[in-house]
Amino acid sequence: MGLMTGKKCLVMGVANKRSIAWGIARALHREGAELAFTYVNDRLKENVVELMETLEGHEAMPLLPCDVAQDGQIEAAFAALKERWGKLDVLVHSIAFARTEDLQRDFLDTPREGWRIAQEISAWSLVAAARGARPLMQAAGGGSIMTLSYLAAERVVDRYNVMAPAKAALECSVRYLAHELGQYNIRVNAISAGPLKTLAASAVKGISTIRDIVEERAPLRRNITVEEVGDVGLFLASDLSRCITGETIYADNGFHIMGL
């Protein structure tokens with residue numbers, strides 16, 4: 001019996017094998033969870049299918065289309081999951097996006113549309129997904145929702161630009177959702193992971209330099225791995241974290257505590 005045996009978990013945001021969402025999915029699967037995945041378009045669907053096929057029992061795993069920028073797709077995904085499972089124990093929200101040009105321009109020059117896109121995809125989508133998950137988690141007697149943030153939500157990280165206020169909004173949303181959903185025994189938390197060479201991070205100029213700084217300055221003197229963040233996600237998904245909600249958990253080898 002694994003830590004997550006019998007638990008039904010939806011993972012949103014797997015892009016490739018370096019995705020944090022994939023690291024969390026593997027940790028959940030290792031501990032016996034039943035998994036479902038979403039994909040945003042046909043190109044990324046191929047990646048998700050290829051990864052799913054490496055997991056035992058992948059034939060029974062729901063794979064659902066869900067582009068959070070398209071009206072109705074979030075609702076349709078949760079409706080399909082309700083028909084398939086009837087309940088949900090864990091939601092992993094690992095979705096973020098900003099246009100490349102908005103990350104590369106000066107923050108002062110962020111256009112209205114670039115701001116809207118980053119906020120809608122990266123922060124509002126958590127609220128919408130939580131709304132879809134709530135009745136399924138109520139049917140399960142409670143649940144755990146987690147999302148992925150970054151230190152730039154509270155400190156300046158050069159060139160993170162328009163994504164930084166989106167992550168700040170995401171962390172604020174975690175607290176408000178935790179407040180409202182706690183009455184249903186649903187916990188909501190964020191993981192603020194250190195820099196990783198994920199598909200999303202590749203759009204941020206200088207990610208390799210940032211990783212070099214973390215390796216030099218973090219108390220543990222190294223960068224994190226996807227597997228380590230996956231285990232943090234496993235903790236938040238499991239009953240071991242049953243008294244934790246509304247929190248941002250830092251998984252960055254202590255880098256966030258450092259000053260000059």
Side-chain angles (χ1 to χ4, degrees), residues 11-24 38-45 47-48 65-71 73-74 77 91-130 145-177 190-211 213-214 224 226 229 248 250-252 255-256:
V11 182
M12 307 178 73
V14 172
N16 56 39
K17 66 181 181 181
R18 293 186 294 275
S19 297
I20 292 176
W22 180 241
I24 295 173
T38 64
Y39 63 92
V40 66
N41 54 41
D42 289 341
R43 180 177 62 85
L44 289 179
K45 179 182 179 180
N47 293 352
V48 178
C66 188
D67 180 351
V68 299
Q70 300 298 318
D71 288 342
Q73 287 207 18
I74 297 175
L91 169 62
V92 179
H93 172 277
S94 183
I95 298 172
F97 177 78
R99 298 183 304 189
T100 300
E101 60 266 31
D102 295 323
L103 291 169
Q104 293 179 347
R105 72 175 88 240
D106 286 346
F107 180 72
L108 185 65
D109 294 326
T110 302
R112 182 190 299 269
E113 183 66 2
W115 182 279
R116 182 195 65 79
I117 290 172
Q119 291 284 343
E120 180 179 300
I121 304 300
S122 308
W124 175 83
S125 63
L126 173 65
V127 180
I145 298 172
M146 72 187 76
T147 189
L148 276 301
S149 189
Y150 181 54
L151 185 61
E154 59 179 277
R155 300 187 187 185
V156 174
V157 175
D158 193 34
R159 298 294 98 184
Y160 208 75
N161 293 356
V162 69
M163 185 57 73
K167 290 297 189 183
L170 181 73
E171 291 187 10
C172 184
S173 299
V174 164
R175 293 187 287 273
Y176 274 82
L177 289 170
I191 301 172
S192 183
L196 286 162
K197 291 183 178 180
T198 61
L199 181 62
S202 66
V204 179
K205 186 177 180 180
I207 186 66
S208 295
T209 300
I210 294 172
R211 283 175 55 82
I213 293 171
V214 170
I224 62 166
V226 170
V229 185
T248 297
Y250 292 91
D252 64 356
F255 182 77
H256 70 283

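The two residues I20 and A193 make their nearest non-hydrogen contact at CD1-CB, 4.0 Å. The two residues I121 and A96 come nearest to each other via the heavy atoms CG2-C, 4.3 Å. The shortest heavy-atom contact between P65 and A77 is O-CB, 4.1 Å. Shown here for Y150 and G194, the closest heavy-atom pair between the two residues is CE1-C, 4.4 Å. Nearest approach of A128 to I74, heavy atoms of both residues: CB-CD1, 3.6 Å. Here the shortest heavy-atom pairing between N47 and A15 reads ND2-O, 3.0 Å.
Under the side chain to side chain donor-acceptor pair (under 3.5 Å) criterion, Y39 pairs with no residue, sequence neighbours left out. Looking at residues two or more places apart in sequence or on another chain, you find a side chain to side chain contact (heavy atoms under 4.5 Å, CB included) between R105 and E101, D102, D109, P111. Shown here are the side chain to side chain donor-acceptor pair (under 3.5 Å) partners of E120, two or more places apart in sequence or in another chain: R116. Residues satisfying the side chain to side chain donor-acceptor pair (under 3.5 Å) criterion with D106, sequence neighbours excluded, are R159. S125 is linked by a side chain to side chain contact (heavy atoms under 4.5 Å, CB included) to V68, H93, I95, counting only residues two or more places apart in sequence or in another chain.
Under the 4.5 Å side-chain criterion, counting only non-hydrogen atoms from C-beta, P195 is in contact with V214. Counting only heavy atoms from C-beta outward, the side chains of V174 and M146 never approach each other to under 4.5 Å. Between E154 and T248 the shortest side-chain heavy-atom distance does not fall below 4.5 Å.
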Can I get a per-line list of side-chain donor-acceptor pairs under 3.5 Å for residues 162-173, giving both atom names and the distance, sequence neighbours left out?
residue	atom	partner	partner atom	Å
K167	NZ	L148	O	2.8
E171	OE2	S149	OG	2.6
S173	OG	A169	O	2.8

Apply the test side chain to side chain contact (heavy atoms under 4.5 Å, CB included) to residues I224 and V229: give CA-CA distance (whole Å), side-chain angles for both, the deciding distance (0.1 Å), then the verdict. CA-CA 8 Å; I224 62 166; V229 185; 3.5 Å; yes

For a side chain to side chain contact (heavy atoms under 4.5 Å, CB included) check, start with the C-alpha distance between V127 and Y176, then their side-chain angles and the critical distance, and finish with the verdict. CA-CA 10 Å; V127 180; Y176 274 82; over 6 Å; no

Does the side chain to side chain contact (heavy atoms under 4.5 Å, CB included) test come out yes or no for V11 and W22, once each step is laid out? CA-CA 8 Å; V11 182; W22 180 241; over 6 Å; no

Start with the C-alpha distance between T110 and N161, add both sets of side-chain angles, then the distance that settles side chain to side chain contact (heavy atoms under 4.5 Å, CB included), and finish with yes or no. CA-CA 8 Å; T110 302; N161 293 356; 5.5 Å; no

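Within the model, atoms CG of L151 and NE2 of H256 stand 8.0 Å from one another, a figure rounded to the nearest 0.5 Å. Note that CZ of F107 and CG of D158 are 12.5 Å apart. Values are rounded to the nearest 0.5 Å.
The local environment of CG in N41 is crowded, with over 12 non-hydrogen atoms from other residues, nucleotides or ligands closer than 6.0 Å. Residue R155 qualifies as enclosed at atom CZ: its count of foreign heavy atoms under 6.0 Å is above 12.
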